[in-house]
Amino acid sequence: MNISRREMIKLSAAGFAAAALNIPFAKPVSAQEDIEVDKWIKGTCRFCGTGCGIFAGVRNGQLVGLRGNPKAVTNFGFLCVKGFKGYTSMYHPDRLKYPMVRGDDGKFKRVSWDEALDKVSNKFKELHQKFGKDSVAYYGSGQCMTEESYTFNKLWKGGFKSNMVEGNPRLCMASAVGGYITTFGTDEPAGSYADIEKARTLFLVGSNTAECHPILFRRVARQKMKDPDNIKIIVCEPRLTPTARIADVWLPADPGTDLAVFHCMARELIKNGWTDKFFIDNLCRFHTGSQVVDFKAYSDFLEQFTPEAVEKITRCPAANIREAARLFGAHSPSMSLWTMGLNQRTRGVWANNLIHNLHLISGNICKEGADSFSITGQPNACGGVRETGSLCQLLPGTRAITDPAARADCEKSWKIPAGSIDPKPGFHTMEMFAKLGSEDDQSKPLKAMLVSTTNPAQSLPNAPKFFKGMKDGFLVVLDIFPTRTTQLADVILPAAFIYEKGGVYGCSERRSQVTPKCVEPPGEAKPDLWIAAQLAKRMGLERLIPWNMDDPNVAYGMAWDDYRECVRLTEHTLYGITRQRLLDMDEGLQWPCPNEKSPGTARRYVRGHDPIMNMPEIVKVPPTAMIYFYGDKQHEGKANVFLRPYKGAEEPPDKDFPFFLTTGRTIEQWHTGTMTMRVPEIARSKPNAYVEINPKDAEAYGINNGDMVKIVSRRGFNIMPAHVVKNSLPGILFVPWFDQDWDRMINRVTIDAFDDGSKQPEFKICAVKLERVGDPKDVADMTIISDVNATFPVSV
Amino acid sequence: MRAPDPFCLLWALTLIITGSAIFVNPGDSQTVLERLREFPEITFQVCSENGSELIVNFEAQNQDELDELCRHLRMAVPEIIDIGHVYINFEDEVEQMRGLSRD
């Protein structure tokens with residue numbers, strides 16, 4: 001039988017799908033040849049924090065396809081649109097291929113790597129000498145590989161002795177870190193994705209999982225669809241998103257008011273006896289934030305949050321809150337999943353605390369199907385930034401830089417003199433960009449910044465406020481495409497894409513997975529790790545960062561080993577996660593993983609599951625304790641249940657600015673669109689930003705679908721088409737934030753207020769007014785910045 | 001308005017072939033298989049032992065068309081619980097894209 005190439009592709013494609021589901025599938029003998037690739041290389045997806053396992057197909061030295069890895073326990077072979085298509089952006093002709101330095105005429109000119117690296121290292125040395133060790137900052141990303149973030153962090157904190165290290169995870173999950181650390185004493189979830197399939201009630205809050213983490217949403221939706229009468233879904237979210245559409249109970253609270261909903265649910269749990277006495281008596285410490293109180297004081301505090309009182313604050317129906325509490329407490333095990341809707345708030349840490357409260361008082365944690373689980377937004381915000389401590393207040397192992405023992409341990413591991421690491425945290429992201437400026441400006445202590453794999457000129461809230469600092473300071477940008485940030489840079493260093501260098505990503509469930517280098521980068525683009533090591537070498541720190549060789553598989557391996565050693569005796573130990581084990585395994589490994597025999601840890605704090613429970617050299621746990629929150633700084637093994645007072649958004653609507661504005665992602669686009677906007681199919685399906693308006697508001701303002709409208713805040717304005725939809729409640733507007741076009745760049749409008757604890761800004765809520773400015777106009781221009789020398793849209 | 005990116009034009013000419021799973025209640029597989037015959041863009045390949053998973057290929061001109069086809073299928077065949085893609089073939093697209101490199 002002759003089989004056409006097309007038939008062969010169909011059979012092979014079906015074979016991959018059948019394999020993902022363990023369905024026997026015999027292809028005809030004549031179709032036994034696989035799809036035409038030279039090799040399939042196991043790795044991870046580049047997008048979102050799910051950590052989907054993939055195989056990258058390489059033919060003739062180029063990547064020609066991705067397919068899901070059926071043995072990956074994160075995605076079981078399935079991928080989303082971004083996962084399938086996003087990588088093709090690496091072949092877009094806009095790729096940055098050569099180092100460039102801005103000339104005296106203001107235009108970028110191609111230079112050699114030596115010239116570019118010498119310029120950067122000499123300038124950094126000069127600024128260190130002139131303005132001190134803290135005059136140069138690093139701003140990284142939850143999309144850098146773990147080895148890269150670790151190396152830059154080590155270079156700055158151990159080499160320059162400066163804690164001016166930050167990254168864009170400050171903008172997406174700092175409140176989750178703050179929530180876990182204040183409640184449990186240590187960061188990241190106790191459980192795993194596998195709890196999704198064991199839970200009877202799933203509480204999705206502040207997360208449009210269907211669009212932002214579609215593969216995780218598949219797992220939730222499949223559970224629901226398989227057993228709709230038994231599996232219950234609660235969604236707390238002000239918009240009727242695709243996520244909310246599968247909910248049994250929808251809690252549509254106004255933006256920023258959900259603290260009252262969570263307290264009300266806790267009150268209902270206690271009133272109705274849906275609590276766990278063992279947890280309350282033995283594993284909970286009730287805390288006001290300044291003093292310890294008892295359970296009665298907590299119960300009394302909650303009395304103000306009756307369902308009816310909370311409905312008045314939030315617009316969320318009292319009956320819905322009662323039913324949500326009943327499901328959460330009486331239809332357990334219950335698992336909560338959340339993302340930016342909780343985190344990107346001025347009360348983000350408190351919101352996280354209050355979700356943990358629900359789990360602790362009802363005993364819905366440390367059991368199969370029960371967990372309080374923050375999903376992270378970026379592929380390596382957890383593994384790369386949280387775990388390596390690449391934020392201004394942290395050290396590797398998510399240890400506080402203010403902790404003398406942690407500093408001493410790092411200094412020993414890094415073989416630097418005792419006392420080298422500065423105990424004082426550096427500037428957090430918002431402070432960092434506010435204090436970046438020219439050498440002549442005495443009010444700006446930061447004079448230079450190296451930005452890697454992120455686009456702050458578009459992604460910072462109230463972004464125009466920070467343009468001048470970026471323009472006036474010495475700005476070095478590592479990236480793969482021109483962006484709004486490269487437009488403000490002095491030096492552009494062309495970076496390699498994940499499949500052109502490899503490295504480790506750590507996803508939301510504490511799982512590390514490695515991707516080997518698959519293909520060569522274009523032009524002279526280089527791995528970030530090579531760039532970091534070359535700068536270290538030029539600044540006399542080669543002994544600290546010796547992995548400056550050209551072969552990324554060797555360099556990334558050395559950096560990974562250095563990192564493993566550095567966190568060996570921490571609660572976050574991944575010493576047993578060797579690169580070779582990661583290369584050999586289909587599913588990667590979850591920390592804690594203290595030695596090479598350890599299978600990793602799916603459930604923390606539980607004896608028999610978590611190896612740290614039996615490691616007194618790391619933390620002492622009483623031998624009789626079956627569950628013990630060993631991060632507790634009081635050494636009682638308890639978690640804090642907080643009596644946080646109710647507080648709403650920083651800038652609620654008023655008579656002048658009567659609407660809530662909330663921002664977010666769509667399923668197609670990724671962050672500032674620099675990659676996904678270069679995938680034609682994705683670009684076409686979401687070619688421009690728009691504002692979602694409820695029909696009642698649209699009618700009141702004389703706005704029809706497609707009309708051009710102006711959205712104005714106290715900081716700036718946008719003009720974009722109206723999408724009149726019932727998704728948003730009256731009084732709430734939604735705008736996706738991917739669009740690079742100046743008229744539609746929503747971070748001209750958002751507010752730069754931030755959480756006191758986590759320093760994470762309130763992207764999710766600000767007050768705006770709305771005005772119809774014209775008839776429908778075709779703005780599907782799929783704007784991308786292609787030319788590094790393109791003029792910046794405003795004078796800076 | 002900006003001229004369309006040449007890559008968008010390129011994509012309009014490309015054919016996508018998927019390896020996908022259609023999830024159904026075990027008792028509904030025959031009904032769904034009958035209905036799938038109405039869709040020439042869908043090729044049935046194999047069914048799981050308990051009949052709850054049907055392995056198929058979807059063929060479409062582009063991702064938009066594929067999404068629309070899946071949406072339409074879900075609406076037309078209510079017995080379908082879910083559709084998931086494990087593989088999408090688009091290797092020719094990459095070659096064409098590289099051919100348009102600005103170097």
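Convention: sequence-line order gives letters A, B, ...; per-chain numbering from 1. For the numbers below, each heavy atom of this structure counts, side chains included, while hydrogens, waters and symmetry mates do not.
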Check: B:R74 and B:E79: salt bridge (charged side-chain N to carboxylate O under 4.0 Å, His left out), yes or no, with the steps?
Finding: CA-CA 8 Å; B:R74 278 198 185 96; B:E79 291 84 0; over 6 Å; no

| request: I would like to know whether A:Y499 and A:Y87 meet side chain to side chain contact (heavy atoms under 4.5 Å, CB included); could you show each step before the answer? | output: CA-CA 9 Å; A:Y499 306 115; A:Y87 89 89; 4.1 Å; yes

(request) Any chance you could lay out the salt bridge (charged side-chain N to carboxylate O under 4.0 Å, His left out) test for B:D82 and A:R218, step after step, and finish with the verdict? (result) CA-CA 8 Å; B:D82 191 18; A:R218 275 198 81 250; 3.0 Å; yes

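In this view, B:F58 and B:H85 satisfy the ring pair (Phe, Tyr, Trp, His ring centres under 6.0 Å) rule, not counting sequence neighbours. Partners of A:D227 under the salt bridge (Lys or Arg N to Asp or Glu O under 4.0 Å) rule, at least two apart in sequence or in another chain, do not exist in this structure. Not counting sequence neighbours, the partners of A:Y690 by the ring pair (Phe, Tyr, Trp, His ring centres under 6.0 Å) test are A:H723.
Contacts of B:T43 with chain A are made by side-chain atoms alone, with heavy-atom separations under 4.5 Å and no backbone atom involved. Residue B:E59 touches chain A through its side chain alone, counting heavy-atom pairs closer than 4.5 Å. Contact of B:I83 with chain A is made through the backbone alone, with heavy-atom distances under 4.5 Å. In this structure, chain B has no heavy atom under 4.5 Å from any part of A:P522.
A cation-pi contact, defined as under 6.0 Å to the ring centre and within 45° of the axis, links A:R67 to A:F16.
With chain B as partner, the option from A:P24, A:G77, A:G68, A:C80 having the largest number of non-hydrogen pairs under 4.5 angstrom is A:G77.
Taking non-hydrogen atoms and a 4.5 Å limit, the residue list of residues 34-41 of chain B in contact with chain A is empty.
For A:T243 (side chain) and A:T209 (main-chain N/O), a donor-acceptor pair under 3.5 Å exists by modelled atom type.
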